[in-house]
Number of protein chains: 2
Amino acid sequence: MASSPSAPPRKSRASGRLTLDDVAAAAGVSRITASRALRGERSVGAELVARVAQAAQTLGYVPDPAARALASARSRTVVVLVPLLSNNLFVDLLEAVHRSLHPAGYQILIGVTHYQADEEEALLASYLAHRPAGLLVTGFDRTQRCKDMIAQSGVPCVHLMETSTDPAVHCVGFSQTQAGGAMTEHLLAQGRQRIAFAAAQLDPRVMQRLDGYRMAMQAAGLWDAELEWLSPAPSSMALGAQLLEQNLARHPDVDAIFYCNDDLAQGGLLAALRLHIAVPQQLAVAGFNDLAGSDQMLPTLTTIRTPRRQIGHSAAQMLLHLMRDEPIDTHSVDLGWELVQRQST
Amino acid sequence: MASSPSAPPRKSRASGRLTLDDVAAAAGVSRITASRALRGERSVGAELVARVAQAAQTLGYVPDPAARALASARSRTVVVLVPLLSNNLFVDLLEAVHRSLHPAGYQILIGVTHYQADEEEALLASYLAHRPAGLLVTGFDRTQRCKDMIAQSGVPCVHLMETSTDPAVHCVGFSQTQAGGAMTEHLLAQGRQRIAFAAAQLDPRVMQRLDGYRMAMQAAGLWDAELEWLSPAPSSMALGAQLLEQNLARHPDVDAIFYCNDDLAQGGLLAALRLHIAVPQQLAVAGFNDLAGSDQMLPTLTTIRTPRRQIGHSAAQMLLHLMRDEPIDTHSVDLGWELVQRQST
DNA sequence: CTGAAAGCGCTTACAG
DNA sequence: CTGAAAGCGCTTACAG
């Protein structure tokens, strides 16, 4: 029994840190056996495993991740690179990833790239040095140096938010282009003709939505370059309002605005309210992502609901398989999207 | 000269990893000197520093953080614990912390506690094992075990978002109670009498704002327990709308609502719009934090602007001093707040 | 100002 | 199924 009640938490080393040796001594086994027992290697007898676990528990032992990483050349950390934390889309993604990876014993290390190629390079270089067990990155758009670093590291990597036909690449997402096209077609089907596409940030996924919009408009013979309102500035409600106010003045015949993100669209809706523009009668407004609050707007916002929680979960699962060298069903998972029609269209 | 153009990136060890030995060899010095040069220890000759830096640069050497942490018993990581990522307040805080710590050579490791004591304990235990150089935690409210772990670790720690008179504790924030009182007094000064306090999440800082509200209402002889609308649910626009709709029906005489957070207040504003309640004529609405979009609402939202970016910056600076064993001016920095009056009051 | 030795706390082969 | 040896890549005293 591991009841030694008054056993002082012996500290064998000068550092005063509780080490595997302490656990091994308390359990009456060698250090290696303790290590194996703790890691769940099944070459250890069940009784020993229990004894070691008990000892570790009692002493309050926490393995040193640095020593572990150094000895095994691999950590239990998964690096996740997202562009922004200020877009709730990515927060949802991160939460889902965490919820899937945490029970499996992995920690996540969040890196924020701010949509900057050089920041991504720096983050990757510095995080790869930590010998992560896996990598989760947003989209495919990055410098060749980044791609090389990932490839050379040999760390399994899953790409988030997009799909691909290249079997060498692992990804979980949906077709941004298709979703952009579908919303445009929805507006066309409602009889709108002068549909503007209002966008900010202009990251690769926004541009794919723009592609979908363009193709649908061209197919309908209604495409007009004047109706593409693009701003490289960060997305915000204020910018959404501004895009509407400035461009509607020059194009009063516009009868619908398809915003590339819900925060812009929410700003547009409020601007319409301020300017007494009737939505949807006079102007239809659509968004993208179905962010918090879109169902609270007046009128409520029609949008594309994107499955970011599922993407986070599914990508984590795929990565788990890759990290364990297990076979995976497909290299690219398409989780689709849903057009949520509300009052604004 | 470090021009050896065709020198292949030699890899001395089986792992194939580029090590300090490779850099030392390339620079023609010993490993220790290379280590010292790279870390900027000023016992190394300027010429050697340059030669080592050059070699490291050329080879693309990145120090192994695990080996570093193991050998020095300290990493270059600062752990930051925040309750949530879905509240932009904390994202702003994190960004500011990152901006201050990154140039100083520290990485940040983000931990999300979800306002759960047990999650915070687990995060702390696991992150402390990484031997962080510093710790940044939100507020003072945590279990004794958490406090003990922090104290026993010896890792310098700065508390965010609140102030304290205890000289043993390091913190940067402002008085939540005072801010809550000030907004209440602002509403009272405008002639409001039946002022409700609507809150969600009910974390310690929300309760401090409630205290401020209570004291101001009691001082005015207008306090009424019926006007404290408290929900433990997570804060959201939808909940803000719901709090207004449900409680206003029972208390039609309420002439102002002070929401503990802007997202609730934004939802309240939209609910008022839906219900054709004139704001501020019939009902004043106030929020807290001045989050994105509050200046876009109709009417624009009166709120308390909290200095989270400054808090992040200032806390990072204080932590930097502590990590370097440098003296600090004060243990508690009060950065104040600003009442931003807009149209809703 | 520079270097050879020892050690940080683990895990990976290699034996039995 | 269990253990003694060696090593992961660095830094910390200790010498010179």
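No experiment lies behind these values; they were computed from the predicted model shown. In what follows, chains carry the letters A, B, and so on, assigned in the order in which the sequence lines appear, proteins first and then strands, with residues in each chain numbered from 1.
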Main-chain N/O of B:Ile150 paired with B:Ser153 side-chain donor or acceptor, under 3.5 Å: yes

Could you work out, with side chain to side chain donor-acceptor pair (under 3.5 Å) as the rule, every residue matching B:Tyr61, not counting sequence neighbours? none

Which residue pairs satisfy the ring pair (Phe, Tyr, Trp, His ring centres under 6.0 Å) criterion with at least one member in residues 27-54 of chain A, sequence neighbours excluded? none

How many Å lie between CD on B:Glu47 and P on C:dC1, as a whole number? 14 Å

Calculate the interatomic distance between A:Asp21 atom CG and C:dC10 atom P; express it in whole Å. 8 Å

Could you list the residues that satisfy ring pair (Phe, Tyr, Trp, His ring centres under 6.0 Å) with A:His159, not counting sequence neighbours? A:Phe140

Listed partners of B:Glu119 passing side chain to side chain donor-acceptor pair (under 3.5 Å), at least two apart: B:His114

Restricting to pairs with a member in residues 133-144 of chain B, which pass side-chain hydrogen bond (donor to acceptor under 3.5 Å, both in side chains), not counting sequence neighbours? B:Glu120-B:Arg142, B:Glu121-B:Thr143, B:Gln144-B:Asp148

Output a table of nitrogen or oxygen pairs between the protein and nucleotides 3-6 of chain C separated by less than 3.5 Å.
residue	atom	partner	partner atom	Å
C:dG3	OP2	B:Ser30	N	3.3
C:dG3	OP2	B:Ser30	OG	2.8
C:dG3	OP2	B:Thr33	OG1	2.5
C:dG3	N7	B:Arg36	NH2	2.6
C:dG3	O6	B:Arg36	NH1	3.4
C:dG3	O6	B:Arg36	NH2	3.2

Spacing between A:Leu70 atom CG and C:dC8 atom P, to the nearest angstrom: 13 Å

B:Thr19 side-chain proximity, nearest of C:dG9, D:dC10, C:dT11: D:dC10

With sequence neighbours left out, what residues match B:His130 under ring pair (Phe, Tyr, Trp, His ring centres under 6.0 Å)? none

Can you measure A:Arg74 atom CZ to D:dG7 atom P for me and round it to whole angstrom units? 22 Å

Length of the CD-C1' vector between B:Glu41 and D:dT12, whole Å: 9 Å

Go through the structure and list residues passing side chain to side chain donor-acceptor pair (under 3.5 Å) with B:Arg74, not counting sequence neighbours. none

Determine the stems involving DNA chain D; a stem requires 3 or more consecutive pairs of the Watson-Crick or G-U wobble kind, each with both distances below 3.5 Å, and the answer is none if no such run exists. C:1-3 with D:14-16, C:5-12 with D:5-12, C:14-16 with D:1-3

Rounded distance (Å) that lies between atom P of D:dC10 and atom CZ of B:Arg39: 11 Å

Quick one: is D:dT11 close enough that its OP1 or OP2 comes under 4.0 Å of any side-chain N or O from B:Ser35? yes

Output yes when a side-chain donor or acceptor of A:Thr33 lies under 3.5 Å from a complementary backbone atom of A:Val29, and no otherwise. no

Grab the CZ-P distance between B:Arg76 and D:dC10 for me, whole Å please. 15 Å

Take atom CG of B:Asp64 and atom C1' of C:dC10, then tell me their distance rounded to the nearest Å. 13 Å

